[in-house]
Structures are given as structure tokens and as C-alpha cells.
Amino acid sequence: MATTDDQVERVRALVASIPPGRVATYGDIAAAAGLSTPRTVGWIMRTDAADLPWHRVIGAGGKPAAHLADRQLRLLAAEGVPIREGRVHLRAARFPFP
């Protein structure tokens with residue numbers, strides 16, 4: 001199934017709504033956007049997120065993307081996100097979408 005413009009815009013709006021100091025997982029965003037898989041969120045983030053707070057989106061285990069880990073963790077730490085052993089402490093930092 002192809003990703004629609006509406007789905008892209010929903011994902012973009014959800015990512016934009018994550019406040020500083022909080023994070024969401026790809027799965028959180030997929031569920032809030034009504035998407036069937038977090039992979040769709042990953043694709044959207046990879047292709048259309050340069051103007052979004054991309055660093056606030058992480059994997060389900062709290063780990064950042066391997067190729068961006070240092071930069072992403074540095075940005076999150078600067079916002080006060082609790083990080084332990086290279087992972088975001090999700091219980092403390094996860095943003096609950098309405």
C-alpha cells in the first residue's frame with residue numbers, strides 16, 4: 001500500500017508536536033497516525049523530516065539510529081532527556097500523544 005500525502009502530513013504533525021525534553025518511538029507515532037507499521041514512519045522520517053525535530057523520534061528500545069547515535073543523543077541530552085548507557089529512559093521521557 002502506498003503512503004498517502006495525508007499520512008505523511010499526519011506523521012509530520014505528530015513529530016512536530018513532540019515537545020523539547022520528550023521523545024516518541026516510531027511505533028508510538030504509527031499508532032497515533034493510524035498506520036499499520038512503524039516502518040512507514042521511518043520511511044517518512046528518512047525522506048521528509050529535515051525541518052522537524054527528528055532527534056525526538058527513537059526506536060522502541062530507546063536506542064537512537066546507529067548512524068546518528070552520537071548527534072541524536074547529544075541533542076536529546078541538551079534538552080534534558082534522561083539517557084542511560086546510550087539509551088533514552090523511555091519511562092521518564094516518552095511523550096503521550098492525545
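Along the sequence shown, residues carry numbers from 1. Fair warning: this is a prediction, and the values are worked out from it, not measured in the lab.
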Shortest non-hydrogen contact between Leu73 and Pro64, atoms and distance: CG-CG, 3.8 Å
Does Gln72 reach the main-chain N or O of Val57 with its side chain, forming a donor-acceptor pair under 3.5 Å? yes
Would you say the side chain of Phe97 lies within less than 4.5 Å of the side chain of Asp28, judging by non-hydrogen atoms? yes
Side chain to side chain contact (heavy atoms under 4.5 Å, CB included) involving Ala78 - partner list, sequence neighbours excluded: none
Can you check whether Pro19 reaches Arg56 side chain to side chain, under 4.5 Å on heavy atoms? no
Smallest heavy-atom separation, Pro53 atom then Val15 atom, equals CG-O, 3.5 Å
Starting from the C-alpha separation in whole Å, work towards a yes-or-no answer on salt bridge (charged side-chain N to carboxylate O under 4.0 Å, His left out) for Asp6 and Arg10. CA-CA 6 Å; Asp6 184 53; Arg10 276 188 300 207; 3.8 Å; yes
What residues form a side chain to side chain contact (heavy atoms under 4.5 Å, CB included) with Pro96, not counting sequence neighbours? Arg22
Donor-acceptor contact present, side-chain Glu79 to main-chain Leu76, <3.5 Å: no
So which atom in Leu14 and which in Ser17 form the shortest heavy-atom distance, rounded to 0.1 Å? O-OG, 2.7 Å
Quick one: closest heavy-atom pair of Val11 and Ala33, and the distance? CG2-CB, 4.1 Å
Determine all donor-acceptor pairs shorter than 3.5 Å in which one atom belongs to a side chain in residues 42-49; sequence neighbours excluded.
residue : atom : partner : partner atom : Å
Thr47   : OG1  : Trp43   : O            : 2.9
Thr47   : OG1  : Ile44   : O            : 3.4

Leu52-Phe95 co-clustered via ILVMFWY side chain contacts under 4.5 Å: yes
Indicate every side-chain donor-acceptor pair of residues 80-87 with a distance under 3.5 Å to a residue at least two apart or in another chain.
residue : atom : partner : partner atom : Å
Arg84   : NH1  : His89   : NE2          : 3.2
Arg87   : NH1  : Gly61   : O            : 2.9

All side chain to side chain contact (heavy atoms under 4.5 Å, CB included) counterparts of Asp51, not counting sequence neighbours: Arg12
Is Thr25 close to Pro38 at the side-chain level, that is, under 4.5 Å between some pair of heavy atoms? no
Sequence-distant partners of Leu75, side chain to side chain contact (heavy atoms under 4.5 Å, CB included), two or more places apart: Trp54, His55, Arg71
Hey, does the side chain of Gln7 reach the backbone of Leu35 with a donor-acceptor pair shorter than 3.5 angstrom? no
Any side-chain heavy-atom pair from Val23 and Ile18 closer than 4.5 angstrom? no
